[in-house]
Protein chains: 2
Amino acid sequence: MATHFKGTLEQTLALDTWLKLSRAKESVGRKLKPCLGQHGVTSAQFGVLEMLYHLGTLNQTVIARKMLVSGGNVTMLVDNLEKHSWVERRRSQKDRRVIKVHLTTAGKAVIEQVLPIHVGALTEALAVLTSSERETLGMLCKKLGRGQQTDPTRTG
Amino acid sequence: MATHFKGTLEQTLALDTWLKLSRAKESVGRKLKPCLGQHGVTSAQFGVLEMLYHLGTLNQTVIARKMLVSGGNVTMLVDNLEKHSWVERRRSQKDRRVIKVHLTTAGKAVIEQVLPIHVGALTEALAVLTSSERETLGMLCKKLGRGQQTDPTRTG
DNA sequence: ATGATATAATTTAAGCTTAAATTATTTAGC
DNA sequence: GCTAAATAATTTAAGCTTAAATTATATCAT
């Protein structure tokens with residue numbers, strides 16, 4: 001038990017589980033970072049590139065919603081991706097408020113180069129668990145994540 | 001399966017597990033944030049206050065090592081905590097390079113007020129899992145986290 | 001004692017992230 | 001058509017985070 005907290009057993013265990021979850025995420029994240037860094041891509045930028053690669057051109061609003069980040073954040077990420085000429089902004093003709101973010105040829109090349117390396121590093125990082133453990137971990141994380149969604153239909 | 005990645009089954013499952021782990025951590029983190037925010041404490045600041053509360057006065061180097069963050073980061077966190085008068089810097093007499101970070105009375109009051117609320121929110125967030133599921137999750141996360149530590153004794 | 005090396009903290013520059021305010025544009029109601 | 005409300009993107013200010021360079025101090029080998 002890594003905590004010094006004095007509370008009920010349930011509370012202490014919750015804190016302990018949370019610390020382990022946070023640290024596991026952090027540790028794996030650290031393992032992944034350098035393999036992106038070698039190619040000059042940050043983790044957040046990679047997320048945008050991957051999304052555009054798999055889903056095609058998207059509005060900034062859609063990117064923000066899918067990544068669960070603020071609109072201002074997407075503005076900055078797309079700014080930085082544009083500096084590398086990995087994406088292009090194109091104003092929608094139908095609705096001039098909207099900006100569509102396109103992957104460029106260079107952007108496509110980068111994601112196609114980096115994605116397999118990234119997935120390889122991830123696969124290696126998760127290889128410390130057996131496949132059945134990975135499955136259990138995934139299932140529990142999914143349940144935990146889903147359980148946090150505030151249900152607006154619930155009568156307070 | 002939430003990914004669009006085309007690779008081996010093992011790779012696809014690894015990516016999927018990682019997404020679920022990241023999202024679970026993110027979701028629980030979001031649930032925790034407002035309860036700290038109400039008291040004007042950020043998550044990172046809370047980490048420092050909690051550490052000082054449970055372990056007593058610490059050098060900035062030690063704080064950085066325990067939190068797995070950079071020294072520059074600790075400098076800034078302690079700056080911001082000092083602005084609130086929650087901590088005090090005191091130069092060590094033995095070694096004048098060292099700065100010892102002390103929790104003030106006000107800092108102690110804040111952490112004592114916020115900690116139970118934080119733990120309560122956390123316990124509630126984790127309550128979507130059964131106690132045996134929490135235990136399994138903790139065990140798997142610990143194994144996964146530990147497995148990432150680069151072992152310098154291993155012959156490359 | 002001196003000079004090389006280590007360590008502790010800070011600074012700087014860059015990027016990530018958010019919330020809140022702002023601008024431009026569209027849509028809906030009248 | 002005109003006004004009000006909603007939506008898309010940007011800007012701003014604040015904080016988090018890192019890596020690399022800097023400053024001050026301590027330690028170690030001669």
Side-chain angles (χ1 to χ4, degrees), chain A residues 22 25-27 29-49 57-84 86-102, chain B residues 22 25-27 29-49 57-84 86-102:
Chain A
S22 301
K25 198 262 171 184
E26 192 65 20
S27 303
R30 269 174 214 282
K31 216 46 170 290
L32 261 30
K33 199 174 172 186
C35 101
L36 296 181
Q38 283 179 324
H39 297 265
V41 191
T42 68
S43 188
Q45 290 168 5
F46 177 78
V48 177
L49 291 177
T57 295
L58 298 172
N59 301 348
Q60 294 190 185
T61 309
V62 173
I63 295 174
R65 196 166 53 234
K66 284 186 180 294
M67 289 182 75
L68 302 176
V69 299
S70 67
N73 193 358
V74 173
T75 294
M76 197 222 192
L77 290 173
V78 173
D79 283 350
N80 287 337
L81 288 169
E82 250 189 347
K83 284 179 196 158
H84 288 279
W86 289 333
V87 304
E88 244 179 50
R89 281 181 164 99
R90 296 193 203 150
R91 200 113 227 165
S92 165
Q93 291 311 306
K94 290 184 191 173
D95 184 340
R96 296 190 38 73
R97 290 169 305 181
V98 170
I99 286 184
K100 294 187 288 186
V101 184
H102 288 253
Chain B
S22 301
K25 198 263 173 184
E26 191 65 22
S27 303
R30 270 174 213 283
K31 218 39 174 290
L32 261 31
K33 199 175 172 184
C35 101
L36 296 179
Q38 283 179 325
H39 297 265
V41 190
T42 69
S43 190
Q45 290 168 4
F46 178 77
V48 177
L49 291 177
T57 294
L58 298 173
N59 302 347
Q60 294 189 184
T61 309
V62 174
I63 295 175
R65 196 165 55 234
K66 283 187 182 292
M67 289 182 75
L68 303 175
V69 298
S70 68
N73 193 358
V74 173
T75 295
M76 197 222 194
L77 290 173
V78 173
D79 283 350
N80 287 336
L81 288 168
E82 251 189 345
K83 284 179 197 158
H84 288 280
W86 289 333
V87 304
E88 243 179 49
R89 280 180 164 99
R90 295 193 204 150
R91 200 114 226 164
S92 163
Q93 291 311 306
K94 290 183 189 175
D95 183 340
R96 295 192 39 72
R97 290 169 303 180
V98 170
I99 287 185
K100 296 185 288 186
V101 184
H102 288 254

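A note on names: the letters A, B, ... follow the listed sequences, proteins ahead of strands, and every chain is numbered from 1.
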Heavy-atom check, side chain of A:L36 versus side chain of A:S43, under 4.5 Å: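 They are in side-chain contact.
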
Nearest-Å distance for atom pair [atom1]/[atom2], residues [X] and [N]:
| X | N | atom1 | atom2 | answer |
| --- | --- | --- | --- | --- |
| B:F46 | D:dC16 | CZ | P | 14 Å |
| A:I99 | D:dA8 | CD1 | P | 12 Å |
| A:M76 | D:dG15 | CE | C1' | 13 Å |
| B:K83 | D:dA14 | NZ | P | 9 Å |
| B:R30 | C:dA19 | CZ | C1' | 13 Å |
| B:N59 | D:dT25 | CG | C1' | 14 Å |
| A:Q45 | C:dA14 | CD | C1' | 11 Å |
| B:K94 | D:dA26 | NZ | P | 13 Å |

One pair to check against side chain to side chain contact (heavy atoms under 4.5 Å, CB included): B:L81 and B:R89. What are the steps and the verdict? CA-CA 10 Å; B:L81 288 168; B:R89 280 180 164 99; over 6 Å; no

More 5' along DNA chain D: A:G71 or B:Q93, using each one's nearest nucleotide?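 Checking each residue's closest nucleotide, the 5'-ward one belongs to A:G71.
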
Reading DNA chain D from 5' onward, which residue's closest nucleotide shows up sooner: A:E26 or A:V74?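 Nearest-nucleotide comparison on DNA chain D picks A:V74.
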
Checking base pairs now: Watson-Crick or wobble, both atom distances under 3.5 Å. What partners C:dA6?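 Its partner: none found.
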
Checking base pairs now: Watson-Crick or wobble, both atom distances under 3.5 Å. What partners D:dA14?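 Because both required distances fall under 3.5 Å, D:dA14 counts as paired with C:dT17.
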
Can a side chain N or O of [X] be found less than 4.0 Å away from OP1 or OP2 on [N]?
| X | N | value |
| --- | --- | --- |
| A:N80 | C:dC16 | yes |
| A:R90 | D:dA9 | no |
| A:T61 | D:dT7 | no |
| A:N73 | C:dC16 | no |

Any donor-acceptor pair under 3.5 Å from B:Q60 side chain to B:I99 backbone: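 Not confirmed, B:Q60 side chain does not pair with B:I99 backbone.
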
Of the nucleotides [options], which has the atom closest to the [X] side chain?
| X | options | value |
| --- | --- | --- |
| A:T42 | D:dA9, C:dA9, C:dG15 | C:dG15 |
| B:A44 | C:dA9, C:dG15, D:dT17 | D:dT17 |
| A:R96 | C:dT18, C:dT10, C:dT25 | C:dT25 |
| A:K33 | D:dT18, C:dC16, D:dA9 | D:dT18 |
| A:L77 | D:dC16, C:dT17, C:dT25 | C:dT17 |
| A:Q60 | C:dG15, D:dT25, D:dA9 | D:dA9 |
| B:R97 | D:dA9, D:dT25, D:dT10 | D:dT25 |
| A:V98 | C:dA9, C:dT10, D:dA9 | D:dA9 |

Provide the closest heavy-atom pair for A:L68 versus B:R30 in the form atom of the first, atom of the second, distance.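 Here A:L68 and B:R30 meet closest at O-NH2, 2.8 Å.
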
What's the shortest heavy-atom distance between A:W86 and A:V41, and which atoms?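 What the structure gives for the nearest pair is CH2-CG2, 3.9 Å.
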
After noting the C-alpha distance and the side-chain angles of B:K83 and B:N80, does the key distance pass the side chain to side chain contact (heavy atoms under 4.5 Å, CB included) rule? CA-CA 5 Å; B:K83 284 179 197 158; B:N80 287 336; 3.2 Å; yes

Under a 90° cut-off about 0 for the syn range, is C:dA6 syn or anti?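 Chi for C:dA6 falls in the syn range.
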
For [X], which contact category applies under a 4.0 Å heavy-atom criterion: base, sugar-phosphate, or nothing?
| X | result |
| --- | --- |
| B:R65 | nothing |
| B:I63 | nothing |
| A:S70 | base |
| B:R91 | nothing |

Ionic contact status for B:D95 with B:K100, cut-off 4.0 Å: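 No, B:K100 and B:D95 are not salt-bridged.
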
